Every structure is written in C-alpha cells, then in structure tokens.
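Take a look at the structure set out below.
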Amino acid sequence: MTGTNGGHYSSEPDDFTGLSHSNKPLPKVDVNSSSNGQRSVKIWLVILSGLLVSALAMALLGNTQKEVLESEVNVSLTGPASEDLEVTQGAAKNRVQEFPSCLKKIPPGVMEGRGLRSPRVSRGKAKGVSEKTNQLSYRRSRSPEFEWNEKQLAWQRTAFHFQPPQNWMNDPNGPLFYKGWYHIFYQYNPNAAVWGDIVWGHAVSRDLIKWLHLPAAMIADRWYDINGVWTGSATLLPDGQIIMLYSGSSNDSTQVQNLAYPADLSDPLLINWIKYPGNPILLPPPGIDPKDFRDPTTAWNTAGGKWRFAIGSKMNRTGISLVYETQDFKSFKLLDGVLHAVPATGMWECVDFYPVSMTEPNGMDTSVNGPHVKHVLKASLDEDRNDYYAIGRYDEEKGIWVPDNPENDVGIGLRYDYGKFYASKTFYDQEKRRRVLWGWITESDNEAADIRKGWASLQAIPRTVVYDQKTGTNLLQWPVEEVESLRTRSKNFINITVQAGSFLPLDVGSATELDIIAEFEIDLEALDKLSDFDEEYTCGTSSGANQRGALGPFGLLVLATDDFSEQTPVYFYITKGSDGNPRTFFCTDASRSSIADDVMDDISGSTVPVLRGEKFSLRILVDHSIIEAFAQGGRTGHHYGINRGMANKSGVKVMMDRNDLLHTLMMTGSST
Ligand code: DQQ
C-alpha cells in the first residue's frame, strides 16, 4: 500500500492497538565594467528585513582600524545611488506565542542562579551524554566573565528563530507534520537555563516560523527515563498512527529505547502522549556500553514489509549505527552487522538516515528506495560535537549503507554546517513534499550569561535539503520558503562602486533582522591568471578576514558596529592548487564578533564547489545575535556565528580584499 507520505509500504503492520488501550491508537541587472577600466568584481545585493533595514558600508578587510576609517572618506559612488534605494516597512515581532499558562503541565522555570559563575565541572558527560556545557568554561577558566548589562542581554534574544520562552533547549526531537500543523519537540530543561532535568518540550506551527508553545509532551516520570527523556524520532504509519521512538536514561543511567504514541489522534495538536506500557522496548545489546546506546531514527519500511530504524553507538572509538527490525513495533530484532561504521569517529549521537532523489526536486518519504535514490547518513560526533553527513547507497538486502566517496565518509568529510549546529534531524513534510532539516544551535558565550539571561540555545531556521544534482557530491540546504514571508521591506543596491581601500556607509536605518542575498562576479581572466598557489589554506587555520590572498577575502561584514569594534566577516577566499584549479573557501571570522573576551571567537568554514560560469553567491540571515549563512545556493558554508556583544549593532558592510584584481566593486540589484 501507499503510505500517507507518498513512500512505498509493501505491507501494513499489525494492529497496534494491542500496545495499550484498544481505543487509543499507537501508536540581477546589467553591470558594466568598472569606471576605471580595471578588472572588477560585481555584486548585487538585496537586503530584506522584517524590521528596520540597514546597510552601512563597503570596507576593506584586514586593515587596521585607522586604515579602515581613513578609507571611508575615499569611497566613490557611481551610478544610481541612494535615491534608487527602496525601503518598505513592516514589523515582525511577537512571532512566538506562548501557550495559555493554565494549560501548562510544568511550571515555568525560574532564572535560577543569577550571579552564579559558570560551573567548572562537566555537565552531561558524567550522565553518559555529550558534553553540554559551553567549553569556554574550561578553555578560559581564568578569564573574567564579561559584565553584560540587561539591555545587551535582551538584545541577544532572537526574533524569528525557534526558542522556548525561557530556559535550556538542546536537540530537536520527533519533528513531523500532522493535520495541518508542524510539530517540533525538543530536549528541554523546564527548571533552568543549563542542561539537565531533560523532558520533551513541544510546540506547533502552521508555517514553521510562528510557533505556539504547548505543555511538555513527555516528562521524566518512569524508571526507564527518570534521568532524562532523551532524543527520539517520529514515524508516521500508513494507517495514520504515529510512533515516537525515544531514548531514556534510566534510574541507573542505562540508555534504553522507549516508545510513545499520541493519546488522541483526532487532536491535531497532539498534546497528550502515552508511554507504551511495555517500555523499555530495547536494552543495550551485549558488547555495547550502557551509556553508548541512544537516539533512534525515524523507521523506514523495507520491500519485505518490515520496519527498520537505526541507533547510534560506538565500539572502542569506532562510531557505529545499529539497526533493529520489527513487524509490529512490539518485538524487535537486532540485525547482524551494522548499517555503517567509521573508525576513530567516536560515539555517534542522533544518527539520521534518509533518501534523496537524484532526479526530482522534491524530498522523499523516509521509506523510499530505488535506482534514482541516494541515501544520506548523518551522525553527530560526540567527540567534536559537529554534524557530519555523507551521501551513498543503501543496500536493503545486505542491510548496509556504502558511501559514494570513502574519503568523505561520515565523520571525516562533509558537515551540514561549519558553525554551531548539532544533533540535527530531518523529517519528510508530506504536505509540501520536501525534507526539512532541524538543527540545534548551541551557545558561544559563557554559561553564566545564559543563566543571567534565562535561556540558552535555539534551533536553526529549518532548511529544505535536496541532493545537489549539479555536483553530485553534496546536499543543498536552504531556509524553508516560509522565511520569505517575513520580508516586509526590501532594499536593493544598484551600481555602487567602491574603490579599493575604502568603504561606503549606506545608512538606511538600523536593523537586527535581515535576510541578505548577494552575488559576486569575478572576471574570469582574473581567475585564470591567479598565480598564487596555496595548498595549505583552510578557513580555520588562516588568520581570518585579515589574511590577504590574490582573490580574497571578499564578502560581507554583518552585525558590525559603526566603529568596527565588533564585526563578523562572512567571506569567500579563492586559492589555486598546484594542479592549477581554483579552490573556493567560504568562511566566517568570529574573532572580532564581540568585545567580550569570554565568547567563542572561531574562524571557521569549508571549501565550496563553484562551477565554471557560476557567480559567487551567498545568503545571510541575521537575527539579533546570530547569523546563518549559505553559499552557492546552500551547497555548503551555511555557517552559524553567534554574535554576542553590543546591543543594537546592525551594520552590513561589503568587504573586499585590496588586491588590484578586485579593485572595484559594483553593487547592483533590482526591486523585489
Ligand atoms: N542529547 C540527548 C541525547 C543525545 C544528545 C540528551 C545529543 O539523547 O545523544 O539531551 O546532544
């Protein structure tokens, strides 16, 4: 039969009603050459904002502060300038609604511990789960904590990213679409802004942007999850039932797998959940450490009619994904071998496994397989706390997944994101036929600041995920289209030329919610004549936006203060390998993101495929203190940089290297 998600299901599972109560189902713009005849880089830039729109300046990177400021007076503007800039206004506040307090099961957490210093003890590891405390507590244990004022802390909270009203949040859990509503569950501490006391928070949305917060879906009230209702995934069965598989940390901190289902399937909000009386359904198998067995995936249906799901683990330091099979979600069999294993990658948390179409633009139900399908395997590496994915083929008969390119295997190759993005999970949105990726954005400031502001972390803007049919080597991630509904005014930049060594303030107000789209075009000749050979360059090992090359850095400065004391460059940097081929990097430099010295200041990024004839394109979402950036249509990059610091900084500046090849910058655009 055909499943509700459009996937194939060769048989219907047995009646699930036996699991509990019989009446309770289970479960552009023409840009001419530069005025001075030199080679140019062209750019069109559209900035869209839900609040006031702001674009400030052009800037050279890597100059000293004095040089930058001096260069400001040398800026030249050509072509239609500010009179062509169009600003439309609107507001985008209060997108998050709170559920009426009378319906809350859990009293709101208190902002405990105001004035406390960050703990110097590990938070999480001791409980058998990934380190949850900001590493800054350990890396800079002697540096004084920055004295934030209330205004600064208030400014940091986001407007259009998903956050609970208060307290701690980590992994996204069991995302699904049901009866017109998107559901997000999440790891939540109802009592404080630090990890611990984990329950399942729950919220619903019609559009993945505006959320209604609901009571916790599951609390830690059974011996098998008393130490935490940990991460899990939803499976929609063809007959309409919903199965939620999740990990529990038991009374002796053994990691076990459990099952839950909605108490009332006629309730589109799925407010009440029933834990299966037969829980736990799985204990750690022999040979697996009781603290290394967690985070079941969405189940997929095989050609043989059985359901399978994967669970992350490790053996020694080899990360593995175990697979269980079931006909009825009552009895389960551990399959021989593993879905996949990669040595020296450590514990695999939050494994995700899903098909992508090689030919179609849409997403696929988790159960789909076939000749035109590839499978993505993702693991969240406990050892470095990054999400690594790889593309390959799933051999259902053998029960194994094989990467297309062993050099880009899980944990050693591609990451979804080169900023802070962890414990991610996809779901198939049967309504819009797309696969949507959720990911947890961790904090980069000190835990003491989290405690003071009363909340910690957020979810990245949900992203659609498809196979990149042009390259065949990577996924394309792009903010869900609903984000565009937040664009209540726009600003376009047309034929603005900035001389090398200068920057141009384009002051159109102030804004801390931005959706920026920019394209850069490099003279092909310049690219061909690039003579610098640099095999060693990486974003992370470079000196960031200060490091000059023949072609780069160029990009945008965002969240910049007027005096440049705070700025976050998001930029391209092109090198040439000894084989003569250019390599493009997409980097974020957070080293000057904040005046506070107790925040993370990484320079991060990756290479990004730029095919012959393609422009260099980027999109940046700015939401108060955070940035999400996507390069080449979401091919890679997609960095996140949390940007703590001054309140009300809102500058966007186009940045260029001083090299003659990039002497002139053209900005152009069109109304949206
Ligand atoms: N978070 C959960 C675990 C998972 C970890 C506990 C990943 O289930 O392995 O909060 O961040």
Side-chain angles (χ1 to χ4, degrees), residues 122-135 164 167-175 184-202 216-220 224-234 244-250 253-260 280 282 284 288-298 309-314 319-322 345-352 378-388 411 415-417 420-426 437-443 456-460:
S122 168
R123 194 191 302 283
K125 281 279 188 208
K127 296 266 184 190
V129 68
S130 180
E131 178 61 69
K132 299 299 171 204
T133 300
N134 189 318
Q135 294 291 295
N167 294 328
W168 169 274
M169 171 177 65
N170 55 293
D171 319 356
N173 293 155
I184 180 76
F185 304 87
Y186 53 91
Q187 297 281 282
Y188 180 57
N189 182 350
N191 303 314
V194 297
W195 186 85
D197 302 341
I198 296 293
V199 304
W200 271 35
H202 183 195
M218 292 193 275
I219 59 172
Y224 52 78
D225 61 13
I226 198 75
N227 273 314
V229 188
W230 286 359
T231 283
S233 308
M244 201 65 87
L245 295 169
Y246 73 95
S247 296
S249 180
S250 77
S253 292
T254 296
Q255 294 171 8
V256 300
Q257 311 313 319
N258 304 306
L259 193 152
L282 296 172
I288 294 294
D289 189 287
K291 287 186 177 171
D292 291 334
F293 182 60
R294 57 186 183 268
D295 312 333
T297 64
T298 293
F309 57 92
I311 297 179
S313 188
K314 70 169 178 182
I320 62 174
S321 44
L322 304 164
T345 53
M347 173 68 193
W348 284 9
E349 296 187 311
C350 305
V351 169
D352 198 16
K378 185 274 306 185
S380 304
L381 260 53
D382 195 11
E383 291 194 4
D384 71 3
R385 278 180 294 149
N386 289 308
D387 277 17
Y388 292 83
R415 279 166 51 180
Y416 275 145
D417 196 291
K420 300 193 167 298
F421 190 92
Y422 193 64
S424 64
K425 187 176 297 298
T426 62
L437 170 70
W438 280 103
W440 167 40
I441 290 179
T442 61
E443 290 289 328
S457 80
L458 47 122
Q459 302 294 334

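Remember, it's 1-based here, ligands and their atoms both numbered in the order they're listed. Atom set for the values below is all heavy atoms of this structure, side chains included, hydrogens, waters and symmetry mates excluded. Note that this is a predicted model, so its numbers are computed, not measured.
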In Å and rounded to the nearest 0.5 Å, what is the [atom1] to [atom2] distance from [X] to [Y]?
| X | Y | atom1 | atom2 | value |
| --- | --- | --- | --- | --- |
| Met244 | Trp200 | CE | CH2 | 4.5 Å |
| Met169 | Thr442 | CE | OG1 | 11.0 Å |
| Ser380 | Arg415 | OG | CZ | 11.5 Å |

Sorted by chain and residue number, the side-chain contact (heavy atoms from CB on, under 4.5 Å) partners of Thr297 (sequence neighbours excluded) come out as Trp300, Phe309, Ala310, Val351
Show the atoms of ligand 1 that are less than 4.0 angstrom away from any heavy atom in Asp295.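 Atoms satisfying the 4.0 Å criterion: 3 (C), 4 (C), 8 (O), 9 (O).
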Using a strict 4.0 Å cut-off to heavy atoms of Trp195, name the atoms of ligand 1 that fall inside it.
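Contacts of ligand 1 toward Trp195, numbered from 1: 10 (O).
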Check: of Asp171, Asp382, Asn189, Thr231, min heavy-atom distance to atom 1 (N) of ligand 1 comes from Asp171
Examine Asn170 against ligand 1 and note whether any of their N/O atoms are separated by less than 3.5 Å.
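Such a contact does occur with ligand 1.
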Q) Quick check: does Gln187 get an N/O under 3.5 Å from an N/O on ligand 1? A)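 Yes, Gln187 has an N/O under 3.5 Å of an N/O on ligand 1.
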For atom 11 (O) of ligand 1, the closest protein heavy atom turns out to be Lys132 NZ, 2.4 Å
Asp387 meets the salt bridge (Lys or Arg N to Asp or Glu O under 4.0 Å) criterion, sequence neighbours left out, with Lys378
